[in-house]
Asker: 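This is the structure I have questions about; it appears just below.
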Amino acid sequence: MDLNTIDNSPAEKGVSLTIKDTDIEITVVSMNSNRAQKIFLANKEENTDVTPLLTIGWKNITRNGKEIIFSVEEARKLYAEYPLIGNQVAEFILNEQNFLKKN
């Protein structure tokens, strides 16, 4: 296989997943992205949950009819309060197949 045919640009740009049985879309980057590597280097002494740090956006998340604007802090709160969502996001991030460009 010619390695030049492998396109891992989605790992850097982000890929969206839809949370099961909802219309929530969350966009994340790969554990092997440049962003992730910088996070790991900055936090190598700490036991940090990187899932919120690898989240780069979302759609269709509201509370009491009001849109929750994405931020890393809001992602941290969301994943802690709703582990069902956080676990799906973490599982998605760990599967590198999700970040290979599909032809």
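Residue numbers start at 1 and run along the sequence shown.
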Asker: Write down the atom of E74, the atom of I69, and the distance for their closest heavy-atom approach.
Answerer: CG-O, 3.6 Å
Asker: List for me each residue that meets side chain to side chain contact (heavy atoms under 4.5 Å, CB included) alongside N95, sequence neighbours excluded, and say none if there are none.
Answerer: Q97, N98
Asker: Apply side chain to side chain contact (heavy atoms under 4.5 Å, CB included) to E73 and list each qualifying residue two or more places apart in sequence or on a separate chain.
Answerer: S71, R76, K77
Asker: Would you please name every residue forming a side-chain hydrogen bond (donor to acceptor under 3.5 Å, both in side chains) with S16, sequence neighbours left out?
Answerer: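 Only T27 meet the side-chain hydrogen bond (donor to acceptor under 3.5 Å, both in side chains) criterion with S16.
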Asker: State, yes or no, whether a side-chain contact exists between Y82 and I24 at a heavy-atom distance under 4.5 Å.
Answerer: no
Asker: Are W58 and I68 close enough, and set up right, to give a side-chain contact (heavy atoms from CB on, under 4.5 Å), and what steps lead you there?
Answerer: CA-CA 9 Å; W58 59 41; I68 299 174; 3.8 Å; yes
Asker: Side-chain donor-acceptor contacts of residues 33-40 below 3.5 Å, not counting sequence neighbours, with atom names and distances?
Answerer:
from : atom 1 : to  : atom 2 : distance (Å)
S33  : OG     : S30 : O      : 2.8
S33  : OG     : A36 : N      : 3.1
R35  : NE     : L53 : O      : 3.0
R35  : NH2    : L53 : O      : 3.3
Q37  : NE2    : M31 : O      : 3.1

Asker: Decide side-chain contact (heavy atoms from CB on, under 4.5 Å) for I93 and L17; before the verdict, give the C-alpha distance in whole Å, the side-chain angles of both, and the deciding distance to 0.1 Å.
Answerer: CA-CA 10 Å; I93 289 171; L17 70 136; over 6 Å; no
Asker: Is any side-chain heavy atom of I85 closer than 4.5 Å to one of I26?
Answerer: yes
Asker: Mind listing the closest non-hydrogen atom pair of F99 and V15 along with its distance?
Answerer: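 Residues F99 and V15, closest heavy atoms: CD2-CG2, 3.6 Å.
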Asker: Output the distance between atom CZ (F70) and atom OG1 (T55), rounded to the nearest 0.5 Å.
Answerer: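 OG1 of T55 is found 5.5 Å from CZ of F70.
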Asker: Just to verify, what does L84 make a side chain to side chain contact (heavy atoms under 4.5 Å, CB included) with, not counting sequence neighbours?
Answerer: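 Q88.
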Asker: Are any of the side-chain nitrogens in E81 or R63 under 4.0 Å away from the carboxylate oxygens of its partner?
Answerer: yes
Asker: Applying salt bridge (Lys or Arg N to Asp or Glu O under 4.0 Å), which residue pairs with at least one partner in residues 23-32 are found, sequence neighbours left out?
Answerer: none
Asker: Can you measure from CG (D49) to OH (Y79) and round to the nearest 0.5 angstrom?
Answerer: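 The CG atom of D49 sits 9.5 Å away from the OH atom of Y79.
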Asker: In the structure I gave you, are the side-chain heavy atoms of F92 and T51 within less than 4.5 Å of one another anywhere?
Answerer: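 No, side chains not in contact.
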